[in-house]
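Per chain, numbering begins at 1; letters A, B, ... match sequence-line order. Quick caveat: nothing in here was measured; it's all calculated off a predicted structure.
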Amino acid sequence: MEAYQEFAQVLLAASKFAMLLLSAAILIRCLRSMLSEKAEPETWGYLRLGRETLPVQHWESIIGSARSADLRVDRPKVGKVHAVLTRNDRGLWHIYDVFSKGGVWVNGEKVDESGAPLEDGDVVNLNGTNTRFLDIPPEKREKLDAARTAAGKTVSPSLTLIDLTLFQLCLLAQHALSASREHLPAIALGFATLILLQWCCYNAMRLIHRSGFEVETLAFYLSSLGMSVAASSTPEDMFKQILLTVAAVALFLLGGWWLRNLKRTSLMRGPMAVLALALLAVNVLFSESVFGARNWLEFGGYSFQPSELVKAAYIYVGASTLDRLYRKRNLFGFIAFSAVCVMALALIGDFGTALLFFVSFLVISFMRSGSIATVFLAVTGAGLAGFLAVSARPYIAQRFTVWGHVWEDVYDKGYQQTRAMSAAASGGLFGKGAGAGWLKDIFAANTDMVFAMVCEELGLLIAVCMVLAMLALAFFAVRSARNGRSAYYAIAACAAVSMLLCQLALNVFGSLDILPFTGVTFPFVSRGGSSLLSCWMLMAFIKGADNRLGASFAVRPADQDTGRRREEDGEEGRKR
Amino acid sequence: MKKITTRALSVLLIAALVVVGLTVYVLRYIDHGRDWALYFSRANSGSTGELIDRNGVSLAAFSASESLFAGDALTRTANYHVTGDYWGRSGTGLLSAYWTDMQGFSLVSGTTQNESSILHLSIDSELNKTAYQALGPDRKGAVLLVNYRTGELLCMVSGPSVDPADADAVPGEGAYINRCLSSAFTPGSVFKLITAAAAIENIPDIDSRSFYCEGKYSIAGVDIVCSGEHYTQTFEQALSNSCNVAFAQIAVMLGQDTMVDYVRRYGLLDGHELDGIPTAAGTYPTEFVGDPELGWSGIGQSTDMVNPFALLRFVSAVGNDGVLVTPHLLLSGEEPERERMLPPETARRLGQMMNYNVVSHYGGEERFPGLALCAKTGTAELGDGTSHAWFAGFLSDEEHPYAFVVLVERGGGGLTVAGELANKLLQAAVSR
């Protein structure tokens, strides 16, 4: 017995140390590959302007004299934002006049705001300035693509994944020391499923020649911590967690695949908006009240939170392609949609999620309009609405009054926060070991106070790594957005990470009394099926923006879509 | 697209806020992590701990469910400033100072579970009881006794005290302050030991000099008043007479720089640590003052303030041939630090003079039967008619190598009040 105790001590200490090194390795490797791989833009065509040749690097480009124009035609009488040049995923080009003063002509024919098709060699006249558009033939495109660096060249993703696997085995070892015998098989199965799932994903990606795996690695890293939290707090429910994880990854793959086709994606925005509103309507009408908020829906023995699923739909609807942005210069449709969503959430009483939607709304509307005034107006409006909400719902006002004073009311209003802080501090830097804490037995420890639970069991350093992993995803999304083919992907990726970051901030800082307690979940880590599904779905948006060569399954390689174009050319050609 | 990708940077603003929040948390964790962790963890971790004195008496013991003190009120009260309490009312008590160590909390490893931490103390709780009873419940004061060969602190009592187990007890004024460690007082004539030690080393013919006292002495028009008229006296006689006139002259002879140098050298200006518990610093005029003020400072008046623990270090070094063995409360088994504070000749000469004080003036065998006592009295005038009573010194006795400091705040005469108390303490100490 004593020998076992000693063995357990050594194993615990060794696994703590190893987990820290592995976390650092995973984060550093993911960041390195995301940062060190040069942001090499794709080139889709050229615009010849006198002796200059401007490369067309996106599927949506602004032509104009402004410094910020993608194709800068700095000639007199050319408007700052004069025209928008687009390419669809079949490789067909269009040009749109965006309310320019002098107008746009293609081969002498006037173009209106509904646009005109553009072919290789066409002369585009921008209010007197002649330019020539040059498409890139498929053979040359392949050559250009081959010159780009493939993702995963500098930092091998498989080694990172091995690190992650070892990390998961360390976690499992710690659970093996603390879990009861009856739950251990289920816990082992949980981690085994994760490991299997990530390697299957990885190998499937290799099969279709995709080598960017940073987003997935980080998401699996966070999901491992989520699995650990589930194993500590609700070991009897492990099977549910396993099923949900598999379903979440499947939804992620489905979502990514769906996003490959920009036209399809764009067309489905309307139906998606209807679906989102319908889900919320069902929620408002039929939901059950669980601890303040009526955001739970019972369905065939399973309860889920529709508002979590609406998150992905909201971003899907909110993002927009550039041509639409400039042709339909208003945001009204989107603002109305957002207002209905946020009001529905407020009706349900889920103010935390309402706040998340609002932040995403700000990011999307700022990215779409670039107008600080809009943002300012929205914040003022929301401030007023928030004030009304606080005065109408006493339990929200109470959360504000106790904010910063939780230690003065340890047994009532500050009950959760003080316990979270105490448990978090008692874990020190290295934690007590997975499953060996006391916070897990407190209500909502595995959701609202999950940061503290991770601090207690796995240590402050791992908890910080957990936050850093989310920050790394945010940096990645911003970086990918720069080379994104379409504004749609850039906006969606940025809105998705800002929603996740905001959720993280409310969860972590709410439980630590740095912000008022809102009771939202920590992405991937908090226990909760709907939340896990929505987080993985949001990851698809990040994948959609990553167009490093051969990086993302959610981006169709350039040679593939030109190939498609050749097949369909006859049909399209006839039409014209 | 360029515009949109530039706007994408707004996401980094949210990321920056997350980093700021996390930094705030880490800083707060460093600041308050201990308090947070221990608020609920005692119930959750099941730590146990105990404070045990040198004779095996349990002075305080706690487990997840209980917080105990010694069984009888006198032991609890007399040892209160050693133990402190579970509520941190006395910041210098061991339960406060070592609470996190006994819980096994650190910022790095958090709380450690189920560790039984027992602190073995050098304190003799019986001796503390004797000292506390001798001081009495109504008097304020400080009593310290240390073995100067080993550095083990045997007695530390501060009055007034309080019974930590008695919820209804009305603590006396300043009962939560340990006067031995946390306060400094006007030293009066005990300070002449420092002036004397400086004189032994800096005035080569000090023993062949004679000092004349006719009750007062004028320096630059300011009178130094003496407690009596001592007429012609040697250096040794001047110390035993506690002659203000002679020692004011000696201080002026030495000069302010030399005086400050010695006060600093003997550690009377600095705060120290007793097993990590900080002690109060003393004061001495270090900025230039004229000769009259220098004279007053040489006899422990002026702006002089001395912390009892600092004075204990000095007399303990004098007793130990000039080597200070760092006083400590915890019997850790580690060899205590030693440092030379005075040259052996100075220490021995000063010791002889202190013994002469006792034999010739303090009543010798009659007042202090059976004790090889070397000491100095102090009656520090406070200017309002009251005075602190001091008695500090050591036993020149290999079997009982004890140094001590007794202070009775506004207690009256040094010999009659503090000397009397010291005798009771020393008699108890040597008989144990």
For [X], which atoms come within 4.5 Å of any heavy atom of chain B: side chain, backbone, both, or neither?
X	answer
A/Leu512	both
A/Arg72	neither
A/Thr418	both
A/Leu515	neither
A/Ala424	both
A/Phe430	both
A/Leu468	neither

B/Asp85 and B/Ser90: which non-hydrogen atoms are nearest, and at how many Å?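 Minimum heavy-atom contact is OD2-N, 4.1 Å.
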Minimal non-hydrogen separation, B/Tyr132 against B/Ala78, with atom names: CB-CB, 3.6 Å
cation_pi(A/Arg419, A/Tyr415) dist<6.0 Å, angle<=45: yes
Give the member of A/Ala490, A/Ala505, A/Gly427, A/Ala474 that has the highest number of heavy-atom pairs under 4.5 Å with chain B. A/Gly427
Mind checking the OG-CG spacing from A/Ser61 to A/Leu85? Nearest 0.5 Å is all I need.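 Reported to 0.5 Å precision, the distance equals 5.5 Å.
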Which side-chain N or O atoms in residues 17-30 of chain B pair as donor and acceptor under 3.5 Å with protein atoms at least two apart or in another chain?
unit_1: B/Thr23; atom_1: OG1; unit_2: B/Val19; atom_2: O; d: 2.7
unit_1: B/Tyr29; atom_1: OH; unit_2: B/Leu107; atom_2: O; d: 2.7

Looking only at atom types and distance, does a side-chain atom of B/Ser158 sit under 3.5 Å from a main-chain N or O of B/Arg179, one as donor and one as acceptor? yes
